[in-house]
Amino acid sequence: MAGKKRIAVPALPPPAAALRRSGALCPVRADESCAEQIAWMIGVSFAAQAKELGLDRQSCPDYVAFETAADVRRDLAGGTRAYLFYLDGVPVATVRLHIGPDGRTGSIDRLAVLPQYRGRDLGARCVYFAEGALRALGAKKVRLSIVASFAKLESFYHRLGYATKEDKTYPGLPFTVRYLQKKLPR
């Protein structure tokens, strides 16, 4: 990778709650002290997608795989909530969520499960947690986005009840962004 060299970030000590429940996926709300770890997890989790799309930090610095700790801190300072998910005391996933200006639409962003923990239904469990957290904040529906050409990822979200809503293109992103949405049960 040209530019900045990505280094392994040691895991923060897990909260006591994450150690008590063996085999359980334990969400813990993250703060600014977790920004380096979250950025590292996202980079590792999205590296294969970036490679598949032929992207690098220089050609597409806004792609999720190239997020920095400063980006994470900026989102947290703007009111976005971030969570780390622990499995047997080990951080294995992260997600961010926020409520839109209408107060009724929640967004799930930056869902990332470390590659070695995929295939265990952790992504779906993270989505269900995020939906519950957004519902508790007053959301009536949830919106998320993916790269439109990632059919397998779209199928994953369809299985979780999301419907494809629209496609958009943005300057600086050499792919189409697909938006999916789900109405939350009461």
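Keep in mind that this is a model prediction, so the values were computed, not measured. Residues: numbered from 1 along the sequence shown.
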When you measure from the side chain of [X] to the backbone of [Y], do you find a donor-acceptor pair of N or O atoms at a distance under 3.5 Å?
X: Lys141; Y: Gln181; result: no
X: Thr80; Y: Leu76; result: no
X: Arg143; Y: Tyr179; result: no
X: Thr176; Y: Lys168; result: no
X: Asp56; Y: Ser59; result: yes

How long is the straight-line distance from [atom2] of [Y] back to [atom1] of [X], given to the nearest 0.5 Å?
X: Leu137; Y: Leu97; atom1: CG; atom2: CG; answer: 7.0 Å
X: Arg186; Y: Arg135; atom1: CZ; atom2: CZ; answer: 12.0 Å
X: Leu184; Y: Arg104; atom1: CG; atom2: CZ; answer: 13.0 Å
X: Gln37; Y: Ile42; atom1: CD; atom2: CD1; answer: 11.0 Å

State, yes or no, whether a side-chain contact exists between [X] and [Y] at a heavy-atom distance under 4.5 Å.
X: Leu84; Y: Cys34; value: yes
X: Ile99; Y: Thr105; value: no
X: Phe46; Y: Leu55; value: no
X: Leu122; Y: Val92; value: yes
X: Phe129; Y: Phe85; value: yes
X: Glu131; Y: Lys182; value: yes
X: Tyr86; Y: Val28; value: yes

Begin from the C-alpha positions of Leu114 and Trp40 and carry the test side chain to side chain contact (heavy atoms under 4.5 Å, CB included) through to its verdict.
CA-CA 10 Å; Leu114 290 174; Trp40 176 82; 4.2 Å; yes

Can I get a per-line list of side-chain donor-acceptor pairs under 3.5 Å for residues 145-156, giving both atom names and the distance, sequence neighbours left out?
from: Glu154; atom 1: OE1; to: Arg178; atom 2: NH1; distance (Å): 2.9
from: Glu154; atom 1: OE2; to: Thr164; atom 2: OG1; distance (Å): 2.5
from: Ser155; atom 1: OG; to: Ala151; atom 2: O; distance (Å): 3.2

Kindly write out the residues that satisfy ring pair (Phe, Tyr, Trp, His ring centres under 6.0 Å) with Phe175, not counting sequence neighbours, or none if the list is empty.
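If we apply the ring pair (Phe, Tyr, Trp, His ring centres under 6.0 Å) test to Phe175, skipping adjacent residues, the hits are Tyr63.
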
Would Thr169 and Val177 count as a side chain to side chain contact (heavy atoms under 4.5 Å, CB included) if you check the C-alpha gap in whole Å, the side-chain angles of each, and the deciding distance to 0.1 Å?
CA-CA 6 Å; Thr169 57; Val177 176; over 6 Å; no

For residues 70-82, pull every pair meeting salt bridge (charged side-chain N to carboxylate O under 4.0 Å, His left out), keeping only residues two or more places apart or in separate chains.
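Residue pairs with at least one partner in residues 70-82: Asp71-Arg74, Asp75-Arg96.
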
Check the pair Leu25, Cys126 against side chain to side chain contact (heavy atoms under 4.5 Å, CB included), reporting the backbone distance first and the verdict last.
CA-CA 9 Å; Leu25 187 64; Cys126 291; 4.1 Å; yes

Stepwise side chain to side chain contact (heavy atoms under 4.5 Å, CB included) check, Val72 with Arg110
CA-CA 10 Å; Val72 175; Arg110 306 297 202 250; over 6 Å; no

Could you check Asp109 against Ser107 for side-chain hydrogen bond (donor to acceptor under 3.5 Å, both in side chains), going step by step and ending with a plain yes or no?
CA-CA 6 Å; Asp109 301 306; Ser107 292; 4.8 Å; no

